[in-house]
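A short write-up of the structure that comes next.
In what follows, chains carry the letters A, B, and so on, assigned in the order in which the sequence lines appear, proteins first and then strands, with residues in each chain numbered from 1.
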Amino acid sequence: MNYDHREVEGKILAGQKKGHDFFCDVNNSQKKFYSLGMFPYPSGNAHMGHVLVYTLSDIKARFKKLKGHEVLHPMGWDAFGLPAENAAIKHKVRPDSWTVSNIAKMKNEQLSGEGWSFDWDKELNTSSPEYYRWTQWLFLEMLKANMAYKKAGYVNWCPVDQTVLANEQVINGCCYRDGAAVEKRLMDQWFFKITAYAPKLWDDLDKLTHWATEAVAVQRNWINKNIGSNIDFKVKELDETIRVFTTRADTLFGVCAVVIAPEHPLVQKILAKHPSPEIKSYVETALKKSQVERMQSKEKTGIKTAVKCQHPFPEFATAKEVNVWIGDYVIGDYGTGAVMCVPGHDTRDFEFAQKFNLPVYEVILPKNHTSQGSLKEPFTELGTLVNSGPYSNLSSQQAIEKITHDLVARGHGEATTTFQLRDWSVGRQRFWGCPIPIIYCDKCGTVPVPEKDLPVVLPIARDSDMEDGILNLRQFKDFINTKCPTCHGPAKRETDTLDTFLCSSWYAFRFIDNKNAQKPFDSARVNKWMPVDFYVGGIEHAAQHMIYFRFITKFLKDRGYVNFDEPVDYFFCNGMVGKDGAKMSKSKGNIVVPTEIIENYGGDALRFYILSDTPAELDRDWDDKGIKAKQEFIKKNFNNLSAYLSTVTNIKPNRGDLSKFKYQELLFDLFGGLAQLEEQLEKNLFNNAVAKVHELSNSLLRIVNTAKDLADSDHATLKSLIEDYLVSIGVLLPFTAEALLKEYFGETRCLYKSTWPIIEKQYLVRDTINIAVQINGKKRALIEIKKNASETEALTVAMNDADVQRNIEGKTVIKKIYVPGKIVNIVIKD
RNA sequence: GCCCAGGUGGCGAAAUUGGCAGACGCACCAGACUUAGGAUCUGGCACCGUGAGGUAUGGAGGUUCAAGUCCUCUCCUGGGCACCA
């Protein structure tokens, strides 16, 4: 047989389609393993990123299956979202047809030749009514728990996509998709109260010990817990209070102004009392400014109001009363949307004060320093208080505690914790998404669609619906006009659809019970199969998807549907696959297409190459020479093993008495190598596993190619060792391994259902070992000693070594160290 | 500014608890077989040095019999967050 990857792989694939090879029995959860790669968006184009992700989930799945686990390795489609809608508008294809044909293309043509062990029985599609019915159910659960609400608020508006964006979709003030500058707009929006879970999401980060550290860091950054104080400044004139948030209550006596955000509710009240065209115009301009503009203008802007507020400790304060300013450097929805301006000890406040000539008070001194009189720049670190009445001379830490305590006593403040995490805006003004199950009735108000009426089915978009280049649920009168579930009078449906991140926030649960028509999933079953044991995906999903996934899990737990806190035990962040030092992209023309690679080199070569050399968590650069070498490695194995195996077809593989086997060295190499391969697969050191397969192959082929005139018993042993080798490397090279097993070993089963070889541990050690002899820490000789050599024996061998003798000649030996089995170190001096 | 990950041959990288630095592969060099080689096989390959030997894991110190690995300081690269009070 001469290796031809098309023939070998084609045969195996053809066999798989007939069988049910990768079926997971979810009722068998005694020893379960859930391996999951983040499911793809069905764009119709599989790329190398997909190849890496699913090869990783597949290696893990195959390995665990051989080790005796019941393995769930499912695949599905994150099928709602903008591209389908854009394609619809551009090419006048129905989004549902576009999606369905892309799924078929990806499933049958693009994601099939890599030898992945997906259980297609568990397939799901988030855009199918069978699935999104339960996404709607989840929305209703949120509503029931008072966790979903609609409010008018400033939202991120993308002028290009004509839609609202979540905070997570705004990158540096621009839309994550098209880079357009995001505007602020006041709109009615549905939100999920994820902030209610901020403390849990924060605290439980400590439980994520098996997550990629950078992913945890991203989450920490995003939730960003700040411990501080809320402090009230009374506005007597308006009988109002401005509450500011600060982490530095110790700087309270350095306040020169209170600055509120343009969005702050008090702005309108101030304007009502003191109408001012200047203020009105400043606020309007600030609100209209996009986030980019607000961030990019380095210069501080602001405007003084006619209103003053009172220091909570007027008796000790230098400024007993300070002006209220409006400044757009204050963020409306962080903290209380108001800050105390302490120019002496905060960089931004300092810039603000410089710009508007506000007084700078020095109230914190660096440790062991005296007053500088006037501050040239803000001192923002902790220190010792000064000019702070009775709090002077306290350390910052002491003062934060004492001042906050005293504020509470006066009713002027409280200790508090603030999170940067904002509520999740889940509504999208988009057609191709999960309809929000809400009906608006003039009589009854906002009425949730009763559960029995789910799903609220998305209407079918016909060509005529897309004529104006717009596709929106508002166009579908039959959809909008409905009856109120409560009073049965005429009513209208919600026309916003749900953020696709909601669809993907619970899909891992549904895989476990994807055909359930009564419930989103069976709780007992999900409790057995979750959390996901191995979750693979890019770091780019560490913020949004992973936060929502965690949030929904915690929410479902509180609602009694699941009994675990965290959905993912092990989160593996794969690196990116680039070419020529750059990200693959159409414009650069450096895209490597997986299907073409499979056609030219084979699926096994692709799998083997994509895991080789670079650790899977790091970015890698595609190299055509690399995959060529892998193809040749596979070919060499296939041809050489075939050549030997075809000469011993009449001999049954049988380990027999290994101690009598002719090639004792092979036993050491093979069992040792397999033990290491096992450990590397366990620890996700995939590039090392590839190297180990190379080593195993080198050892085995050396023997196989020279095996002549052997006794039948030696042939039987060798053949059995080859079988073990094939089963284990089949985790990485399933086609090649399975083809040889079926051809020469009478194997009829799928390789997936085989078992990991038994490793004979007694062959992992040799009778004698080579250890290095160091002199003053430098290697000078290599000696051979018995495995169990005593210290005296080892040192004697070392001291008698010619190289050692030469090096210590004429010197005084001070100390001799023997670390059993490791090293000898002789310390000498002149 | 804050957070995270890294820095080891020409390249991608290996290296249990500190214990022979460079596994495995790419590229390269030499040879064999070939009409041919972008096929295959054999050997070589950190650096300096003819050699003995010396020098090497970003840099500087330290701990230790022994440091890529531990400690202190420092430089550089990549990534994330960011007027978040």
Side-chain angles (χ1 to χ4, degrees), chain A residues 171-173 212-222 224 226 228-229 244-248 251 259 261 294-301 327-342 345-349 351-352 380 418-422 539-540 542-543 573 576 608-609 612-615 617-621 623-630 632-633 635-636 639 676 679 683 685 687-698 705 770-783 806 814-828:
Chain A
I171 315 291
N172 288 326
T213 51
E214 67 267 38
V216 179
V218 164
Q219 295 236 337
R220 208 173 287 279
N221 226 325
W222 201 262
N224 193 23
N226 265 311
S229 319
V244 304
F245 171 73
T246 181
T247 55
R248 293 295 301 273
T251 64
V259 188
R294 233 167 115 167
M295 270 166 23
Q296 274 173 353
S297 57
K298 288 177 189 94
E299 190 100 346
K300 293 278 178 293
T301 66
D328 70 0
Y329 79 99
V330 179
I331 293 171
D333 56 358
Y334 180 72
T336 57
V339 300
M340 56 185 204
C341 183
V342 184
H345 306 287
D346 181 277
T347 317
R348 297 145 303 181
D349 295 346
E351 285 167 17
F352 191 73
T380 58
T418 295
F419 294 89
Q420 195 169 312
L421 187 72
R422 313 289 157 83
I539 184 74
E540 69 273 16
C573 280
M576 291 208 304
F608 207 47
Y609 170 69
S612 68
D613 301 328
T614 305
E617 48 271 71
L618 302 183
D619 289 347
R620 70 177 49 243
D621 209 61
D623 176 11
D624 288 329
K625 282 183 179 139
I627 187 150
K628 178 85 184 132
K630 294 308 177 208
E632 273 153 17
F633 170 84
K635 191 173 175 181
K636 182 171 75 177
N639 289 344
Q676 288 166 39
E679 190 185 344
K683 291 184 176 169
L685 306 171
N687 57 324
N688 292 6
V690 170
K692 196 53 68 184
V693 171
H694 272 278
E695 283 184 53
L696 282 166
S697 163
N698 290 343
N705 289 337
N770 293 318
I771 65 167
V773 180
Q774 297 181 331
I775 291 168
N776 286 354
K778 291 204 164 145
K779 182 190 165 190
R780 294 297 178 193
L782 203 59
I783 57 169
R806 201 160 39 78
I814 298 173
K815 199 172 179 183
K816 293 184 241 176
I817 293 151
Y818 172 59
V819 182
K822 296 250 167 96
I823 209 158
V824 172
N825 195 6
I826 297 163
V827 186
I828 59 169

**Report entry** Identity of whatever pairs with B:G6 - Watson-Crick or G-U, under 3.5 angstrom
**Finding:** B:C76
Requested in this report: Go through the N and O atoms of the side chain of A:Asn221 and the base of B:C81, and report whether any donor-acceptor pair is under 3.5 Å.
Outcome: no
Query raised in the report: Can you check whether A:Arg780 has a side-chain N or O nearer than 4.0 Å to OP1 or OP2 of B:A52?
Result: no
Query - Complement of B:G1, any strand, by Watson-Crick or G-U distances under 3.5 angstrom - result: B:C81
Query - Base of B:C83 paired with side chain of A:Lys300 (donor-acceptor, under 3.5 Å) - result: yes
Query raised in the report: Contact class for A:Val827 vs. all strands (heavy atom < 4.0 Å): base, sugar-phosphate, or nothing?
Result: sugar-phosphate
Query raised in the report: Across the strands shown, which category fits A:Ala691 at heavy-atom distances under 4.0 angstrom: base, sugar-phosphate, nothing?
Result: base
Query raised in the report: If you check the A:Lys630 side chain, which of B:A82, B:G25, B:C24 turns out closest?
Result: B:G25
Query raised in the report: Who is the Watson-Crick or G-U wobble partner of B:C70, with both distances under 3.5 Å?
Result: B:G62
Requested in this report: Hunt down the Watson-Crick or G-U wobble partner of B:A13, both distances under 3.5 Å, from any strand shown, or write none.
Outcome: none
Query raised in the report: Would you say a side-chain N or O of A:Asn224 is under 4.0 Å from OP1 or OP2 of B:A82?
Result: no
Query raised in the report: Counting any heavy atom closer than 4.0 Å, what does A:Ser612 reach on the DNA or RNA strands: base, sugar-phosphate only, or nothing?
Result: nothing
Query raised in the report: Just to confirm, is there a sub-4.0 Å distance from OP1 or OP2 of B:A15 to any side-chain nitrogen or oxygen of A:Asn688?
Result: yes
Requested in this report: Using a 4.0 Å heavy-atom cut-off across all strands, classify A:Lys815 as base, sugar-phosphate, or nothing.
Outcome: sugar-phosphate
Report task. Would you mind classifying the nucleic acid contact of A:Glu632 as base, sugar-phosphate or nothing, using non-hydrogen atoms under 4.0 angstrom? Result -> sugar-phosphate
Query raised in the report: Nearest to the side chain of A:Arg806 - B:G53, B:C20, B:C83?
Result: B:G53
Query raised in the report: Between A:Lys635 and A:Glu214, which has a closest nucleotide on RNA chain B that is more 5'?
Result: A:Glu214
Requested in this report: Using only side-chain N and O atoms of A:Thr347, determine if any of them is under 4.0 Å from OP1 or OP2 of B:G1.
Outcome: no
Report summary line: Atom CZ of A:Arg220 and atom P of B:C3 are separated, to the nearest Å, by 12 Å
Requested in this report: May I ask you to evaluate whether A:Arg620 reaches the phosphate of B:C11, defined as a side-chain N or O under 4.0 Å from OP1 or OP2?
Outcome: no
Query - Base orientation of B:G9, syn vs anti, 90° cut from 0 - result: syn
Query raised in the report: So A:Phe245 and A:Tyr334, would you call those rings parallel, tilted or perpendicular, with 30° and 60° as cut-offs?
Result: perpendicular
Requested in this report: Determine which nucleotide pairs with B:A30, using a 3.5 Å limit on both distances of a Watson-Crick or G-U wobble pair.
Outcome: B:U42
Query raised in the report: With a non-hydrogen cut-off below 4.0 angstrom, is A:Asn770 in contact with a base, only sugar-phosphate, or nothing?
Result: base
Query raised in the report: From the list B:A13, B:A66, B:A15, which nucleotide is the closest neighbour of the side chain of A:Pro615?
Result: B:A13
Report task. Test the A:Lys300-A:Tyr329 pair against the cation-pi criterion, namely NZ or CZ under 6.0 angstrom from the six-membered ring centroid and within 45° of the ring axis. Result -> yes
Requested in this report: Answer with base, sugar-phosphate or nothing: what part of the nucleic acid does A:Asn776 contact at a heavy-atom distance below 4.0 Å?
Outcome: nothing
Query raised in the report: Base, sugar-phosphate alone, or nothing: which one does A:Lys778 contact when heavy atoms must sit under 4.0 Å apart?
Result: sugar-phosphate
Requested in this report: With a 3.5 angstrom cut-off on both distances, give the Watson-Crick or G-U wobble partner of B:G18, or none if there isn't one.
Outcome: none
